[in-house]
Q: 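Have a look at this one.
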Amino acid sequence: MDQQQAKDDEWALETLAIRAGHMRTHEQEHGEPIFPTSSFVYGSAAEAAAKFSGEAPGNVYSRFTNPTVRTFEQRLAAMEGGERCVATSSGMAAILSTALALLSAGDEIVASRSLFGSTVSLFDKYLGKFGITTRYVELADLAAWEAAMTPATRLLFAETPSNPLSEVVDIAALAEIAHRHGALLAIDNCFLTPALQRPISLGADLVIHSATKYLDGQGRAIGGAVVGRDKELEELFGVVRTCGPCLSPFNAWIFTKGLETLALRMKAHCENAQALAEWLEAHPAVARVHYSGLPSHPQHALAARQQQGFGAVLGFEVKGFEVKGGREAAWSVIDATRLLSITGNLGDVKTTITHPATTTHGRLSDDQKRIAGISEGLIRVAVGLEAIDDIRADLARGLDALL
């Protein structure tokens, strides 16, 4: 069975992840093929003209029409419940393409303070030079979002849960604020994926992914995607077509195969992360754990209501995190690991560990870090699929030494 034989809305997410988007060729292949070609040929000059002009559907050039990329796009759109998806060369390219497609000089963004460091740099350093202003508010403070809105606000942007403090915002309430002011709401769903959260069903207009993370799941390729309505996505497609931040066919194939096991992987990630968060919260060398799956988390009830799981990324602060020596203590815990991978990436089956203040958020000013809650004693762990006892033992080596 392929997409021609059933409607996507008749299938569960697990089935969509395996079946949606694949239109079999005349070869009748069972697995999704890769089309590593830059261009396509036509039977006549008239056919070429019709496809280049858009009068007839079909492939033109792999920068913006490739069958392998299209399979990934259609599958992810089906899983997120969106009308359309546009794939990009990276998660940051997805955010940039969204801004280029939907914003103009004089427009304003209202965004959460709890954003990935590169997203902040993109908004402030690069969009700012073209006359697009960004104002930052506390993620969970709906009154602050409301107060920040002006007639020039065109886009609200949030990560939920946030990186790396697992803060959560009420997506439905935020969508209501955006729409009442004539703005769009974009949600970065990288940490949860459609297996655990579907922002469009809660009112969001756009869902943004770094496919590099859990959509792939094994740290193999770089890519991004935006899912939403055809109206906004047609403009975004124009950016990818003209400016060229496109996804390669090979990477699209990797992501398509990654989607097949997404639901299973995310369930296992959540189980390991929950067990590790509970263990860390009880450890005497740990001052605070940031994970929405813990009842102590301030938005635990909200997360349980709008998510189908709490994800795999958690942050924790070692004792003394608020003082100058917090970095030394955090680094000693990281350096004591033998199993965990010291890297800024996440979304892998391998557990990764990093020091956000000097890596993922290292380009932020000290004031920006303080406002975002990025302390020198903060450690981020993206919990993988190794045996939980081995993960705990690896972290205990450094944490026990702090006592």
Side-chain angles (χ1 to χ4, degrees), residues 116-117 161-166 190-193 196 210 212-222 258 261 264-294 309-321 325-362 373-403:
F116 177 47
S162 69
N163 178 15
L165 301 181
S166 295
C190 169
F191 275 25
L192 294 184
T193 80
L196 301 179
S210 171
T212 311
K213 310 303 190 295
Y214 293 104
L215 300 189
D216 172 15
Q218 297 185 53
R220 298 168 294 188
I222 301 290
T261 60
L264 291 172
R265 285 187 287 105
M266 294 310 295
K267 180 180 179 181
H269 277 298
C270 289
E271 291 173 354
N272 265 4
Q274 185 72 35
L276 184 65
E278 292 172 359
W279 176 80
L280 285 168
E281 193 170 48
H283 197 286
V286 175
R288 186 184 305 164
V289 180
H290 303 276
Y291 185 65
S292 62
L294 294 173
F310 301 106
V313 181
L314 59 85
F316 68 93
E317 287 163 306
V318 296
K319 288 286 179 66
F321 70 91
R327 177 187 294 190
E328 182 180 347
W331 280 15
S332 70
V333 173
I334 294 170
D335 291 346
T337 59
R338 299 292 179 267
L339 173 70
L340 277 57
S341 302
I342 304 174
T343 177
N345 197 31
L346 57 93
D348 205 305
V349 293
K350 301 179 180 71
T351 300
T352 67
I353 188 168
T354 195
H355 183 245
T358 53
T359 58
T360 57
H361 294 69
I374 308 298
S375 72
E376 290 290 338
L378 177 66
I379 296 171
R380 189 190 74 188
V381 177
V383 187
L385 302 185
E386 304 95 340
I388 186 60
D389 287 346
D390 292 333
I391 299 171
R392 284 190 293 233
D394 206 40
L395 283 169
R397 185 180 294 108
L399 287 172
D400 292 349
L402 295 179
L403 299 177

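Computed from a predicted model, the values in this text were never measured in an experiment.
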Q: To the nearest 0.5 angstrom, please state how far the CG atom of Leu215 sits from the OG atom of Ser210.
A: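 With rounding to 0.5 Å, CG (Leu215) is 8.0 Å from OG (Ser210).
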
Q: Output the distance between atom CZ (Phe116) and atom OG (Ser162), rounded to the nearest 0.5 Å.
A: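 Reported to 0.5 Å precision, the distance equals 13.5 Å.
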
Q: Is any side-chain heavy atom of Thr193 less than 4.5 Å from a side-chain heavy atom of Met266?
A: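 Contact flag for Thr193/Met266 side chains = yes.
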
Q: Pairs in or reaching into residues 394-403: which pass side-chain hydrogen bond (donor to acceptor under 3.5 Å, both in side chains), with residues at least two apart or in two chains?
A: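 Found His283-Asp400, Asp394-Arg397.
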
Q: Would you confirm whether Arg220, through its side chain, and Gly217, through its main-chain N or O, come within 3.5 Å as a donor-acceptor pair?
A: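 No.
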
Q: Using the side chain to side chain contact (heavy atoms under 4.5 Å, CB included) criterion, which residues pair with Ala273? Sequence neighbours excluded.
A: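 Partners of Ala273 by the side chain to side chain contact (heavy atoms under 4.5 Å, CB included) criterion, ordered by chain and then number, come out as Tyr291, Val383.
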
Q: Using side-chain heavy atoms (C-beta onward) and a distance below 4.5 Å, is Leu378 in contact with Val318?
A: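 No, side chains not in contact.
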
Q: Counting N and O atoms only, with roles assigned by atom type, does the side chain of Arg380 sit under 3.5 Å from a partner on the main chain of Leu314, one being a donor and the other an acceptor?
A: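 Pair absent, no side-chain N/O of Arg380 close to backbone of Leu314.
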
Q: Over all heavy atoms of both residues, which pair between Ser332 and Leu402 is shortest? Give the atoms and the distance, please.
A: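 Ser332 and Leu402 have their closest heavy atoms at OG-CD2, 3.6 Å.
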
Q: In chain order, what residues pass the side chain to side chain donor-acceptor pair (under 3.5 Å) check against Thr360, with sequence neighbours excluded?
A: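 For Thr360, no residue satisfies side chain to side chain donor-acceptor pair (under 3.5 Å) once neighbours in sequence are set aside.
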
Q: Mind checking side chain to side chain donor-acceptor pair (under 3.5 Å) for Thr359 and listing every partner two or more places apart, or none if nothing turns up?
A: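 Thr359 satisfies side chain to side chain donor-acceptor pair (under 3.5 Å) with Thr354 only.
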
Q: Rounded to the nearest 0.5 Å, what separation is found between the CG atom of Asn272 and the NZ atom of Lys267?
A: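 Taking CG in Asn272 and NZ in Lys267, the distance rounds to 13.0 Å.
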
Q: What pairs with Glu386 under side chain to side chain donor-acceptor pair (under 3.5 Å), at least two apart in sequence or on another chain?
A: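 Side chain to side chain donor-acceptor pair (under 3.5 Å) check on Glu386 returns Thr351.
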
Q: Over all heavy atoms of both residues, which pair between Cys270 and Gly311 is shortest? Give the atoms and the distance, please.
A: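 For Cys270 and Gly311, the tightest heavy-atom pair comes out as SG-N, 3.3 Å.
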
Q: Go through the structure and list residues passing side chain to side chain donor-acceptor pair (under 3.5 Å) with His269, not counting sequence neighbours.
A: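 His269 satisfies side chain to side chain donor-acceptor pair (under 3.5 Å) with no residue once adjacent residues are dropped.
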
Q: Taking all heavy atoms of Asp216 and all of Arg265, pick out the closest pair and write down the distance.
A: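 For Asp216 versus Arg265, the nearest heavy atoms are O-NH2, 3.6 Å.
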
Q: Given the rule in the side chain to side chain contact (heavy atoms under 4.5 Å, CB included) test, do Gln274 and Phe310 qualify, once you have shown the distances and angles that lead to the verdict?
A: CA-CA 8 Å; Gln274 185 72 35; Phe310 301 106; 3.9 Å; yes

Q: Evaluate the criterion side chain to side chain contact (heavy atoms under 4.5 Å, CB included) for residue pair Ser166 and Val313; output intermediate values, then yes/no.
A: CA-CA 8 Å; Ser166 295; Val313 181; 5.5 Å; no

Q: Using the ring pair (Phe, Tyr, Trp, His ring centres under 6.0 Å) criterion, which residues pair with Phe191? Sequence neighbours excluded.
A: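 None.
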
Q: Quick one: does Arg288's side chain have a donor or acceptor within less than 3.5 Å of a partner on Val286's backbone?
A: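 Absent.
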
Q: Taking ring pair (Phe, Tyr, Trp, His ring centres under 6.0 Å) as the definition, give me every residue that meets it alongside His361, ordered by chain and number, with sequence neighbours left out.
A: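 Scan of His361 (ring pair (Phe, Tyr, Trp, His ring centres under 6.0 Å), adjacent residues dropped) gives none.
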
Q: Can you name the residues that form a side chain to side chain contact (heavy atoms under 4.5 Å, CB included) with Ala221, not counting sequence neighbours?
A: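 Per chain and number, Ala221 pairs via side chain to side chain contact (heavy atoms under 4.5 Å, CB included) with Asn251, Ile254, Phe255.
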
Q: Run the side chain to side chain contact (heavy atoms under 4.5 Å, CB included) test against Arg392 and tell me which residues pass, sequence neighbours left out.
A: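 Expected list: Ala275, Leu276, Trp279, Ile388, Asp389.
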
Q: So do the side chains of Ile379 and Val333 get within less than 4.5 Å of each other, counting heavy atoms only?
A: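 Side-chain contact under 4.5 Å: yes.
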
Q: Please identify each residue that fulfils side chain to side chain contact (heavy atoms under 4.5 Å, CB included) with Ile222, with sequence neighbours left out.
A: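 Partners of Ile222 by the side chain to side chain contact (heavy atoms under 4.5 Å, CB included) criterion, ordered by chain and then number, come out as Ser90, Thr212.
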
Q: Between His355 (side chain only) and Glu376 (backbone N and O only), is there a donor and an acceptor less than 3.5 Å apart?
A: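 Yes; at least one donor-acceptor contact below 3.5 Å.
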
Q: With a cut-off of 3.5 Å and sequence neighbours excluded, list every side-chain donor-acceptor pair involving residues 339-350.
A:
unit_1	atom_1	unit_2	atom_2	d
Thr343	OG1	Asn345	N	3.4
Asp348	OD1	Lys350	N	3.0

